[in-house]
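Quick notes on the structure that follows.
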Amino acid sequence: MSFPDLGAFLASLRRAQDVVTIDVPVDPHLEVAEIHRRVIAAGGPALVFRRVTGADFPLVTNLFGTRRRAELAFGPRPLAFITRLASLAQTLLPPTPRKLWQARDIGRDLLSIGLKRRSRGSVSEVMSDQVRLDRLPALTTWPDDGGPFITLPLVYTEHPDGHGHNLGIYRLQVHDRQSTGMHWQIGKGGGFHYKVAESRNQPLPVTVFLGGPPALTLAAVAPLPENVPELMLASLIAGTRLPVVEGHGPHPLVAGAEFALIGEVAPHVRRREGPFGDHYGYYSLQHDYPVFTVRRVAHRRDAIFPATVVGKPRQEDFFIGDLLQELLAPLFPLVMPSVERLWSYGETGYHALAGAVVKQRYHREAMVSAFRLLGEGQLSLTKFLLVTDQSVELRDFRATLEHVLARTHPETDLYVFANLSMDTLDYTGPAVNEGSKGVWLGLGDPVRELPRAFIASTLPRDISEVRVFCRGCLVVTAPPYADEPDVAQRIATHPAFADWPLVVVSDDAARATRSATNFLWTTFTRFEPAADLFAAGSRLVRHHIAYQAPVLIDARMKPWYPRELSCRDDVAQTVSRRWREYFPDQLVEMGDSERGHLD
């Protein structure tokens, strides 16, 4: 099923009793976000807030916060189409009349992709030059946030020279009645457009859509190559031409959107943005970003404002991210023939860790695949990459890690590349946007039997807790980094750990080993390869650092890291006390937002 707009999707959720309306007043400052987090922690319904304090519009959150709702929003058609397309790419050549006739279904689908231009649409029912962003139900989601943020904006820009458009989700901090921040991180298409315009001292026209067909949201988060049009992908996902309305600004307006904010980003203007509680589970800090000035607002008469809340895994973005990976999986063997499978781990914020199964048809071909992955679009932000040439279920992280550890030769198979760019939201590096990458190969047949249980007569000084995460991997609790920053090397050389290929130093080994989600989050969001990777020994061989096992990752919180996200006590108490007010007629389970899907 394809939904033409947000209203149609909500109607479907109502028929399935998978959306709940809250009719009592709620505060967009912290309270709404904590309600949302408790509902998503329990796998609960989408939420419509009818009476948001200080706002002129109702609010909807948690639209895609379960696997079922995410699949319903985008439907089975995109995966079936891409799978069929990938299959044809392998069987259609050389073309014959019979093969072309058998592929006529793809031809029909491709002919239905595009834009359908109209003079009117729902989004243009109300047009106003009296911009009041402060009357939108934008959320402040965490205590130290710099203000309210628009968290599901679909930001549309066009290249100043006509080289295509970009549609991406870039958070917008509401600065005042008429302006927001524009959080263009490195490697983002909209930011590239702005750089061209700014180099010419020109403003960049920007249109921000809120709501609309769910296909539009999926297209906006898809890691498409630069200048591949996201609106065409949205049309493909929806299975029909995307209706747009012309004549109300520099860009066509998506007819089914709830809102369109029309304006520009001026050159050479910056304003402090942040902090913001981000999807890594920590705050991103204050930095200078461009400013979006809104000149005109278009909206439906009955507009509903969509929002999301991010934080420690798993939140709503996790379900969209995993679904998107499954959707694009059939394309990898086409665009990267040596890459058989790829999986990025949402528990680490996606960019912090990925695993790949590749072909090894000649010596070290696996590194060709690794370099290709680390040089491809959004994948270039990957911080650590596990690579194997043998079949393993990448989504099972314990199995994947054991698979690599059983096959690796750390002396030749572990690579660290320093002085590179890094995801803007990852603060483990020496400065924002700066850091390093690691690649760890585990190729061929197993070369060792991995230990299963830890037994030692002595432990290093001040190390009292050692836990097994999986075969071959230990996690140890060490003193805080501020008390002993160099403890990692002392642990790595201790004979108690000599038989273990990998040791992770943690602030809390019990917490880190409680689940795969815990391990992924507490490990890979808290270390930088060039700064926090150690070994029992190392030597320089042909300008390559040869590591002697065990390899050790120092995943303790460092004093300069942003704080872990946590709800304010008084807000948590308010939400607990008012829970029956929010849901007087429905039995909506109250999950544990502090733990979420951790622990």
Side-chain angles (χ1 to χ4, degrees), residues 5-7 10 21-36 46-63 122-142 145-156 168-183 206-212 216-217 220 248-249 251 253-254 256-265 271 273-274 276-277 289-310 316:
D5 53 35
L6 177 58
L10 284 173
T21 298
I22 298 174
D23 285 316
V24 297
V26 291
D27 194 337
H29 182 82
L30 304 180
E31 183 182 9
V32 167
E34 179 62 9
I35 298 168
H36 168 106
L47 301 171
V48 175
F49 300 87
R50 287 289 179 194
R51 300 171 63 187
V52 181
T53 304
D56 295 335
F57 302 93
L59 165 74
V60 61
T61 75
N62 202 24
L63 284 167
S122 300
V123 71
S124 59
E125 288 175 344
V126 178
M127 304 290 302
S128 176
D129 297 327
Q130 303 301 310
V131 178
R132 289 294 304 270
L133 301 180
D134 56 321
R135 300 302 298 177
L136 298 176
L139 300 180
T140 303
T141 56
W142 295 101
D145 281 2
F149 285 80
I150 300 173
T151 54
L152 266 183
L154 308 174
V155 181
Y156 180 88
I169 296 182
Y170 314 117
R171 74 185 190 226
L172 308 177
Q173 181 177 346
V174 179
H175 290 318
D176 50 46
R177 291 185 175 191
Q178 199 173 352
S179 70
T180 76
M182 180 58 72
H183 195 264
V206 174
T207 302
V208 174
F209 302 112
L210 296 165
L216 205 63
T217 301
H248 297 285
H251 305 136
L253 306 183
V254 175
E258 300 293 306
F259 295 85
L261 311 180
I262 304 164
E264 75 280 335
V265 177
R271 184 168 172 176
E273 190 262 13
F276 178 72
Y289 277 92
V291 176
F292 174 43
T293 301
V294 182
R295 302 298 183 186
R296 202 175 197 194
V297 176
H299 65 84
R300 305 168 71 109
R301 287 194 180 89
D302 57 350
I304 300 178
F305 184 90
T308 190
V309 178
V310 293
E316 190 173 3

Quiz item: Of F292, Y289, Y170, which is the lone residue that meets ring-ring contact (aromatic ring centres under 6.0 Å, His included) with H183?
Solution: Y289
Practice problem: Quick one: pull up OG1 in T141 and NE2 in H36 and give me the separation to the nearest 0.5 Å. | Solution: 9.5 Å
Quiz prompt | Gap separating the CZ atom of F149 from the CG atom of L139, nearest 0.5 angstrom | solution = 11.5 Å
Exercise. Examine distances only and state if a side-chain atom of R177 and a backbone atom of D134 form a donor-acceptor pair shorter than 3.5 Å.
Key: no
Quiz prompt | Flag, side chain of W142 to backbone of A33, donor-acceptor distance under 3.5 Å | solution = no
Quiz item: Atom OG of S128 and atom CZ of R295: how far apart are they, to the nearest 0.5 Å?
Solution: 14.0 Å
Self-check item: Near-ring test H299/F57, centroid separation under 6.0 angstrom
Solution: yes
Quiz prompt | Geometric class of the Y156/H251 ring pair [parallel <30°, tilted 30-60°, perpendicular >60°] | solution = perpendicular
Quiz item: Hey, does the side chain of Q178 reach the backbone of V131 with a donor-acceptor pair shorter than 3.5 angstrom?
Solution: no
Exercise. Measure across I262 and G249 and return the closest heavy-atom pair with its distance rounded to 0.1 Å.
Key: CG2-CA, 4.3 Å
Exercise. Give me the one residue out of V155, T293, V206 that meets side chain to side chain contact (heavy atoms under 4.5 Å, CB included) with V265.
Key: V206
Quiz item: Roughly how far, to the nearest 0.5 Å, is NE2 of H175 from CD of E273?
Solution: 7.0 Å
Exercise. Output the distance between atom OG1 (T151) and atom CG (L172), rounded to the nearest 0.5 Å.
Key: 9.5 Å
Exercise. Identify the residue among L136, V208, V126 that makes a side chain to side chain contact (heavy atoms under 4.5 Å, CB included) with F259.
Key: L136
Exercise. Using a strict cut-off of less than 4.0 Å between a Lys/Arg side-chain nitrogen and an Asp/Glu carboxylate oxygen, indicate whether R171 and D145 qualify as a salt bridge.
Key: no
Quiz prompt | Separation of E264 CD from T207 OG1 (nearest 0.5 Å) | solution = 10.5 Å
Practice problem: Go through the steps for V123 and V254 under the test side chain to side chain contact (heavy atoms under 4.5 Å, CB included), then give the verdict. | Solution: CA-CA 7 Å; V123 71; V254 175; over 6 Å; no
Quiz item: So, for L152 and I169, which heavy atoms are closest and what is the spacing to 0.1 Å?
Solution: CD2-CD1, 4.1 Å
Practice problem: Report yes or no: does E258 contribute a side-chain atom to a donor-acceptor pair with the main-chain N or O of I304 at less than 3.5 Å? | Solution: yes
Practice problem: Ignoring hydrogens and angles, tell me if any N or O in the side chain of Q173 forms a donor-acceptor pair with the backbone of G274 under 3.5 Å. | Solution: yes
Self-check item: Minimum heavy-atom distance P137-L59, with the two atoms named
Solution: O-CD1, 3.9 Å
Quiz item: Between P306 and L63, which heavy-atom pair has the shortest distance, and what is it?
Solution: CB-CD1, 4.4 Å
Practice problem: Check whether any side-chain N or O of R50 sits under 3.5 Å from a backbone N or O of V24 as a donor-acceptor pair, and report yes or no. | Solution: no
Self-check item: Least distance between heavy atoms, A298 atom then M127 atom
Solution: CB-SD, 3.3 Å
Exercise. Would you please test D5 and R300 for salt bridge (charged side-chain N to carboxylate O under 4.0 Å, His left out) and show each step?
Key: CA-CA 11 Å; D5 53 35; R300 305 168 71 109; 3.5 Å; yes
Practice problem: Return yes if some donor-acceptor pair links the side-chain N/O of T53 with the main-chain N/O of V26 below 3.5 Å, else return no. | Solution: yes
Exercise. Please report the closest heavy-atom contact between F49 and I22, naming both atoms and the distance.
Key: CE2-CD1, 3.3 Å
